[in-house]
Each structure stands twice: as structure tokens, then as C-alpha cells.
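The structure appears right after this line, and notes come after that.
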Protein chains: 2
Amino acid sequence: MPDDELSRTFAALADPTRRAILARLSEGEATVNELAEPFDISLQAISKHLKVLERAGLISRGRDAQWRPCRLETAPLDAVSHWIDRYRERWNDRFDRLEREIRRVHPGKEGLEHG
Amino acid sequence: MPDDELSRTFAALADPTRRAILARLSEGEATVNELAEPFDISLQAISKHLKVLERAGLISRGRDAQWRPCRLETAPLDAVSHWIDRYRERWNDRFDRLEREIRRVHPGKEGLEHG
DNA sequence: ATCGTATTCAACCTTTCGGTTAATCAACGG
DNA sequence: CCGTTGATTAACCGAAAGGTTGAATACGAT
């Protein structure tokens, strides 16, 4: 696992358990035990998942007596969104160029089916 | 690595080499050798990366004589975008509810700083 | 002080990942 | 047919993921 921001985020999201945890947290804060409840794996495994999510910046944790409430942090998701958008932009530019080129070579053609 | 669509996509994106390959492909189709050129790793390693990307549906491959040109496929990226959006929606709903609740309890308060 | 609850740390195991090299397959050009 | 070029497959390796169990830590309650 590489150590850059985006890689950590994607790697953290590449697990259904962790995504389910995030989904739960999108409804509000929760403790480790609460988060673990729906799953068939040990509490320690959940704790590890939380550490992964925390390292990726996708959650942060507070302190309330012996509980460590987790909350969702959306900044890394925004980063992913932006990365994808930047992407789609380039891709569309490429189609635009392609279409212009085709129009140049076949001036009669009016459009191009992308599918 | 779990076997669902989203997990495969995220896992495929969680590697800088693979993201660089996608970036290159966003400029247009390329052969395996062309894709491998910027990297210090073996052609076989690149071939493996391409297989991962293909399994995730992020690229597709054609046939042109002995070359296997790769092209970007954006459907999985769209899926990721939608997943994140659905997410942010829930999260914002939650803030809205929270804000309403706060206004109910402290009718004088006008707003809440999210940062 | 002690007990119980919430959570993490540590050690271990098995599977997967990302890389290597060597061998193989596929298509073209003489 | 033979050699070359492009790409994949196979066998292997070290490191990391994701899980387990068992011990430790951090608090609150009694």
C-alpha cells in the first residue's frame, strides 16, 4: 500500500465492511461497539478497520469517558470527487478533439455515436 | 479483496501506477509497451496492472495485429461518483436535521458553523 | 481498591498484492 | 519456415491485508 493521500483513501474504500461503517456514520456519530454490532467479525477487527479509515482521514474520533465516538470526515471524499472530475474532463476533451478531427476529414458527417 | 463491483473499482484505483496508466489513457488509446514506457517496472508487472484495471471495468482492450490497445472506460468512475454523491447527500441531510434540532432547542440561534 | 465495560495492542495465521524472471503464445516480416 | 516483436502465463518471493485469540489499557461505577 503506497503512502500517498489518494491511495490511502481508495484503499480504505475498497472494503465493503469499511464502506458500511461509513454509511452508518453518515447517519451520525457512533461508538466502536455500535459500529461493530451489525457485523459477524470480532470487535478487534472493527477496531483495525477504524484505524484504516482514520489514517485515510475518512473519520475522526473524539473522547467521551471510555467511549471513542467516531464521526465521518468528508474531505477525502471531496478529493476523490475532484480527481474523478478532472479525469472526466480530460476524457471529454479527447472526444471533442476526436469529433473535430472526424468532421475535418469527413465534412459531411454531423455527429458521432459514442456508445 | 472482496468481489463486488465497487470494491474492485476502489482497489484498482488504490495504486499510483494504475492511476497513472488511467491518466495516460485519458489522453487516448495506447498499447501495453507505450503504457509501460514511463515506469521502472517490468512489462509483466504492467500487464498485471492492466488485468486488474480490466477486471474492474476501468479499461477495455482491442486487438490490432500483435498489439492490444487499451482504452479508458468511464462507467465504473461514474459509479464511484454516484456512490460518493449519495453519501454526501445523507451527510448533509444529517446536518440539516441537526441544525433544525439546535434551532428548536435554542430558538435564538441563527446558524451553525460546520468547519 | 476493585470490578465491569469499552477499546486497543500484540502475536499469530492465511491469503492476496505487487514485483521478479523464465517460458510461452500470437502475429507479422523476411 | 524462421526470427522478431508484443504481450501474456507460470512459478516464485517478500510484504501487507484482514482475520483470529489473548492480554493490556482507560475509564466509570460501586
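Since we're looking at a predicted model, the values are computed, not measured. By convention in this document, chain letters (A, B, ...) are assigned in the order of the sequence lines, proteins followed by strands, and residues within each chain are numbered from 1.
Of the residues in residues 12-35 of chain A, those lying under 4.0 Å from DNA chain D by heavy-atom distance are A/Asp15, A/Arg18. DNA chain D lies under 4.0 Å from at least one heavy atom of each of the following residues of residues 61-68 of chain A: A/Arg63, A/Ala65, A/Gln66. A heavy-atom distance below 4.0 Å to DNA chain D is reached by these residues of residues 47-58 of chain B, ordered by number: B/Ser47, B/Lys48, B/Lys51.
Between the CG atom of B/Asp3 and the C1' atom of C/dT16 there is a distance of 13 Å, rounded to whole Å. We find that CG of A/Leu43 is positioned 13 Å from P of D/dG19, with the value rounded to whole Å.
Judged by distance alone with a 3.5 Å cut-off, a donor-acceptor contact links the side chain of A/Gln44 to the base of D/dG22.
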Report task. Give the intermediate values and the outcome of salt bridge (Lys or Arg N to Asp or Glu O under 4.0 Å) for residues A/Glu5 and A/Arg8. Result -> CA-CA 5 Å; A/Glu5 184 76 30; A/Arg8 270 197 305 267; 3.8 Å; yes

Query raised in the report: Can you list the steps and then say if A/Leu13 with B/Leu6 is a side-chain contact (heavy atoms from CB on, under 4.5 Å)?
Result: CA-CA 9 Å; A/Leu13 295 175; B/Leu6 224 38; over 6 Å; no

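In this structure, OG1 on B/Thr9 lies 10.5 Å from CZ on B/Arg55, to the nearest 0.5 angstrom. The CZ atom of B/Arg19 sits 12.0 Å away from atom CG of B/Leu58, with the distance rounded to the nearest 0.5 Å. For the atom pair CD1 (A/Ile46) and CG (A/Leu53), the distance works out to 10.0 Å, reported to the nearest 0.5 Å. Considering CD of B/Glu54 and CG of B/Leu50, their distance stands at 8.0 Å, rounded to 0.5 Å. Interatomic distance, NE2 of B/His49 versus CZ of B/Arg18, reported as 5.5 Å (0.5 Å rounding).
A 4.5 Å side-chain heavy-atom check between A/Arg90 and B/Leu72 finds every atom pair outside the cut-off. Counting heavy atoms from C-beta outward, B/Leu25 and B/Glu73 have side chains that stay 4.5 Å or more apart.
Direction change of the helix axis from one end of the helix from C/dA1-D/dT30 to C/dG30-D/dC1 to the other is 10°, with five pairs defining each end axis (rounded to 10°).
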Indicate every side-chain donor-acceptor pair of residues 31-42 of chain A with a distance under 3.5 Å to a residue at least two apart or in another chain.
{"from": "A/Thr31", "atom 1": "OG1", "to": "A/Glu34", "atom 2": "N", "distance (Å)": "3.2"}
{"from": "A/Glu34", "atom 1": "OE1", "to": "A/Thr31", "atom 2": "N", "distance (Å)": "2.9"}
{"from": "A/Ser42", "atom 1": "OG", "to": "A/Ala45", "atom 2": "N", "distance (Å)": "3.2"}

Cut-off 3.5 Å, no hydrogens considered: what does the side-chain donor-acceptor table look like for residues 77-84 of chain A, sequence neighbours left out?
{"from": "A/Asp78", "atom 1": "OD1", "to": "B/Arg88", "atom 2": "NH1", "distance (Å)": "2.2"}
{"from": "A/Ser81", "atom 1": "OG", "to": "B/Arg88", "atom 2": "NH2", "distance (Å)": "3.0"}
{"from": "A/His82", "atom 1": "ND1", "to": "A/Asp78", "atom 2": "O", "distance (Å)": "3.3"}

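Residue B/Ser42 places at least one side-chain N or O closer than 4.0 Å to OP1 or OP2 of C/dT20.
Although no hydrogens or angles enter the test, the distance criterion places no donor-acceptor pair under 3.5 Å between the side chain of A/Asp64 and the main chain of A/Trp67.
B/Ile46 comes within 4.0 angstrom of no nucleic acid atom, judged by non-hydrogen atoms across all strands.
Closest approach of B/Pro69 and B/Arg63 over heavy atoms only: CD-N, 4.0 Å.
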